[in-house]
Amino acid sequence: MSSPAIEPTRVVLLHGLGRSTRSMLPIERALRRRGGRVLNLGYPSRSADVATLAADVARQIIEWEPNAPLDFITHSLGGIVLRMAVAQGDLPSERIRRAVMLGPPNSGSELADALPKVRLFGPLYRRFTGPAGLELGVGPEGVPAQLPPVSFELGVIAGTRSMNPVFNAMLSEPNDGKVRVERTKVKGMRDFLLVPEFHPLMMAAPDVITQAIHFLDFGAFRR
């Protein structure tokens, strides 16, 4: 007989670059079925740099829930936005109970360095990703390299499947089509899990949703 589910705290969902709240709906529905309060937070990810996005996201979170502890599930850029909000003092780390990041570029992505330099693709990349996309490189000038280790309970889920052979070749090492597996990791994380999923579709994968909620409940992924 399985143990009864632990009721989650208020959960904030942060989508990735160029996505919307629609991409996080499968997770939102799963959380709401458990009776929890959920803020599926939309933000204009292509309109500003990471610091500006983080400040705006933190403001919306505080307006929604000023004081209570919060859980987070983020996808891709959403994880970097959360880390930035904490780093620049917009969101106190003490308010974060637990967080799960799906495919986060915690030490950047080689694609963010390479694609803007491609003659034909560079302008399209800049238009699609905006200022934040140009800040996700792997060098010391990239935002990920400038962020401190996480100071809250964090679980990271990394995908291992790529649907783009060109991006897969550019990343070379095991990756989810956008981020190398090793670059999803961050100092201070509590647990780490590999899943056979693609970067853009992780949020809809039933196994990923189950594992993310399990971490919020117990502080570890199910083995």
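All values below were derived from every heavy atom in this structure, side-chain atoms included, with hydrogens, water molecules and symmetry-related copies excluded. Residue numbers start at 1 and run along the sequence shown.
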### Query
Side-chain donor-acceptor pair under 3.5 Å between Asn175 and Arg161, yes or no?
no
### Task
Could you grab the distance from atom NE2 of His214 to atom CG of Asp191, nearest 0.5 Å is fine?
10.0 Å
### Message
Given the ring of Trp64, does Arg10 sit roughly above its face, with NZ or CZ under 6.0 Å from the centre of the six-membered ring and within 45° of the axis?
### Response
no
### Atom pair OG (Ser109) and NZ (Lys178), whose distance is rounded to the nearest 0.5 Å
8.5 Å
### Message
Under a 3.5 Å threshold, yes or no: a donor from one side chain and an acceptor from the other, between Ser172 and Arg180?
### Response
yes
### Query
What do you reckon, is CZ of Arg22 surrounded by more than 12 foreign heavy atoms closer than 6.0 Å?
no
### Query
Atom CG of Leu91 and atom CD1 of Ile61: how far apart are they, to the nearest 0.5 Å?
5.5 Å
### Query
Under the side chain to side chain contact (heavy atoms under 4.5 Å, CB included) test, which residues partner Ala158, sequence neighbours left out?
Val181, Thr184, Phe192, Leu194
#### Entry: Side-chain heavy atoms of Asp113 within contact of Val138, under 4.5 Å
yes
### Message
Contact between Phe167 and Leu115 at the side-chain level, heavy atoms closer than 4.5 Å - yes or no?
### Response
yes
### Task
Determine, for Glu110 against Arg183, whether the closest basic-nitrogen to carboxylate-oxygen distance falls under 4.0 angstrom.
yes
### Task
Sorted by first residue and then second, give each side-chain hydrogen bond (donor to acceptor under 3.5 Å, both in side chains) pair with at least one member in residues 135-148; sequence neighbours left out.
none
### Message
Glu153: which residues meet the side chain to side chain contact (heavy atoms under 4.5 Å, CB included) condition with it, sequence neighbours left out?
### Response
Arg98, Arg190
### Heavy-atom side-chain contact between Asp176 and Glu197 under 4.5 Å
no
### With sequence neighbours excluded, residues passing side chain to side chain contact (heavy atoms under 4.5 Å, CB included) with Leu201
Met163, Phe198
### Query
Do the non-hydrogen side-chain atoms of Val12 and Val57 ever get within less than 4.5 Å of each other?
no
### Sub-4.5 Å side-chain heavy-atom contact between Ile209 and Leu31
no
#### Entry: Salt-bridge criterion met for Asp217 and Arg34 (N-O under 4.0 Å)
yes
### Task
For His75 and His199, indicate whether the former's side chain and the latter's backbone hold a donor-acceptor pair under 3.5 Å.
yes
### Task
Run the numbers on Glu65 and Arg95 for side chain to side chain contact (heavy atoms under 4.5 Å, CB included), then give the verdict.
CA-CA 10 Å; Glu65 179 49 67; Arg95 290 203 57 198; 3.7 Å; yes
### Query
Are Val143 and Val186 connected in a single hydrophobic cluster, I mean Ile/Leu/Val/Met/Phe/Trp/Tyr linked by side-chain heavy atoms less than 4.5 Å apart?
yes
### Message
I need the Phe72 CZ to Met101 CE distance, nearest 0.5 Å.
### Response
9.5 Å
### Task
Check salt bridge (charged side-chain N to carboxylate O under 4.0 Å, His left out) between Asp56 and all other residues, then give those that pass, not counting sequence neighbours.
Arg59
### Query
Below 4.5 Å, heavy atoms only, C-beta onward: do Thr74 and Leu13 meet side chain to side chain?
no
## Note on the structure
Value for CD1 (Ile157) from CG (Asp207), rounded to nearest 0.5 Å, stands at 8.0 Å
Check: residues 43-51 side-chain donor-acceptor pairs under 3.5 Å, at least two apart:
{"residue": "Tyr43", "atom": "OH", "partner": "His15", "partner atom": "O", "Å": "2.6"}
{"residue": "Ser45", "atom": "OG", "partner": "Gly18", "partner atom": "N", "Å": "2.8"}
{"residue": "Ser47", "atom": "OG", "partner": "Pro44", "partner atom": "O", "Å": "2.7"}
{"residue": "Asp49", "atom": "OD1", "partner": "Ala51", "partner atom": "N", "Å": "3.3"}
{"residue": "Asp49", "atom": "OD1", "partner": "Thr52", "partner atom": "N", "Å": "2.8"}
{"residue": "Asp49", "atom": "OD1", "partner": "Thr52", "partner atom": "OG1", "Å": "2.8"}

### Query
Does Lys185 reach the side chain of Val156, with side-chain heavy atoms less than 4.5 Å apart?
no
### Message
Would you say that Leu134 contacts Pro116 through its side chain, given a criterion of any heavy-atom pair below 4.5 Å between the two side chains?
### Response
yes
### Message
Using modelled atom types and a 3.5 Å cut-off, is there a donor and acceptor pairing between side-chain atoms of Asp71 and backbone atoms of Ala99?
### Response
no
